[in-house]
Protein chains: 2
Amino acid sequence: MNSASTTAIKFDFEVDEMVDSAREATDFLKSIAHEGRLMILCRLAEGECAVTDLEELLSARQAAVSQQLARLRLEGIVDARREGKSVYYSLSDDRIQTIIPVLYDMFCKPD
Amino acid sequence: MNSASTTAIKFDFEVDEMVDSAREATDFLKSIAHEGRLMILCRLAEGECAVTDLEELLSARQAAVSQQLARLRLEGIVDARREGKSVYYSLSDDRIQTIIPVLYDMFCKPD
DNA sequence: CCCTTACATTATAAAATATGAATATGTAAA
DNA sequence: TTTACATATTCATATTTTATAATGTAAGGG
């Protein structure tokens, strides 16, 4: 506990950094660790689409889908664009574009 | 709703598959979407270590660490091996080895 | 055998998330 | 301007997770 205090300080600093990174990473992971949201993101990875399409895809109620989209919007993960009566959503975070293929390889490969 | 029923059946089948994959993926993501568990996994990615080391790393109580380890064990993500008084943990799931570097690139790169 | 160290488990309280119903807003068309 | 359609928000409640505290077990040393 009291040996090599210089190293201890450096170590604590690194741990703090690690805690910060871990918090960022887990915030990100939590926002995609939800069946509905993940499916929305997978769908958006193929291109922009409207809320109605997502409702069909998830067989979920409008309010529920809208709620998940609101969360993704607040986290800066998706963008919304209104065109007439519809609102079109798209991915706005490169990290999603990065991680979706990784998850696809792990869980969606035919085998 | 009633057009092209053959296509509709195929589509439904694909959606079911997608729901299953999404569940698997989100189960996995949920198990790593926790500050403590993620830090544990990052540490284990560097090699096996004992519970005491993890307690220090997380500055968490023994019981809390043990609980997270229990969860990771149940999910088949880590292995435990007893040697004398200590229990050594290590990663037992390749998907963790795959995803840790991806997360590292996203959240821990110096910049 | 008793004591200490290292770890696990259990019960429970507290906190975070999800779900569902009701309602509101914004747009366009009749 | 009434109506219908598309989407958003709000709020109460249910469910799931996480943290805390207390206790239990396994191993080794004296």
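Note that this is a predicted model, so its numbers are computed, not measured. We name chains A, B, ... by the order of the sequence lines, and we start the count at 1 in each one.
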Rounded distance (Å) that lies between atom [atom2] of [N] and atom [atom1] of [X]:
X: A:Arg61; N: C:dA18; atom1: CZ; atom2: P; value: 18 Å
X: B:Gln67; N: C:dA15; atom1: CD; atom2: P; value: 16 Å
X: B:Tyr88; N: C:dT5; atom1: OH; atom2: P; value: 17 Å
X: B:Leu69; N: C:dT9; atom1: CG; atom2: P; value: 11 Å
X: A:Lys30; N: C:dA15; atom1: NZ; atom2: P; value: 15 Å
X: B:Leu29; N: C:dT17; atom1: CG; atom2: P; value: 15 Å
X: B:Glu55; N: C:dT5; atom1: CD; atom2: P; value: 13 Å
X: B:Leu72; N: C:dC7; atom1: CG; atom2: P; value: 16 Å

Could you check if a side-chain atom of [X] sits within less than 4.5 angstrom of a side-chain atom of [Y], using non-hydrogen atoms only?
X: B:Leu103; Y: B:Leu38; value: yes
X: A:His34; Y: A:Arg71; value: no
X: B:Ile40; Y: B:Tyr89; value: no
X: A:Leu44; Y: A:Cys49; value: yes
X: A:Gln68; Y: A:Leu58; value: no
X: B:Met18; Y: A:Leu57; value: yes

With hydrophobic residues grouped by side-chain heavy-atom distances under 4.5 Å, do B:Leu69 and B:Tyr88 end up in a single group?
no
Return the minimal non-hydrogen interatomic distance between B:Leu91 and B:Ala45, and the atom names on each side.
CD1-CA, 3.7 Å
Going 5' to 3' through nucleotides 23-30 of chain C, assign each nucleotide B (protein heavy atom under 4.0 Å from a base atom), S (under 4.0 Å only from sugar-phosphate atoms) or - (no protein heavy atom that close).
---SBS--
Answer yes or no: is there a donor N or O on one side and an acceptor on the other, between the side chain of B:Ser31 and the main chain of B:Phe28, under 3.5 Å?
yes
What range of DNA chain D does chain A touch, first nucleotide to last, counting atoms under 4.0 Å from its heavy atoms?
D:dC5 to D:dT10
Should B:Arg71 be listed as having a side-chain N or O under 4.0 Å from OP1 or OP2 of C:dT9?
no
Give a yes/no answer on whether the side chain of B:His34 brings an N or O atom under 4.0 Å of OP1 or OP2 in C:dT17.
no
With sugar-phosphate meaning primed atoms plus P, OP1 and OP2, does [X] contact a base, only sugar-phosphate, or nothing at under 4.0 Å between heavy atoms?
X: A:Ala63; answer: base
X: B:Ser66; answer: base
X: A:Thr52; answer: sugar-phosphate

Please give the angle, rounded to 10 degrees, between the axes at the start and the end of the helix from C:dC1-D:dG30 to C:dA30-D:dT1, where five pairs define each axis.
10°
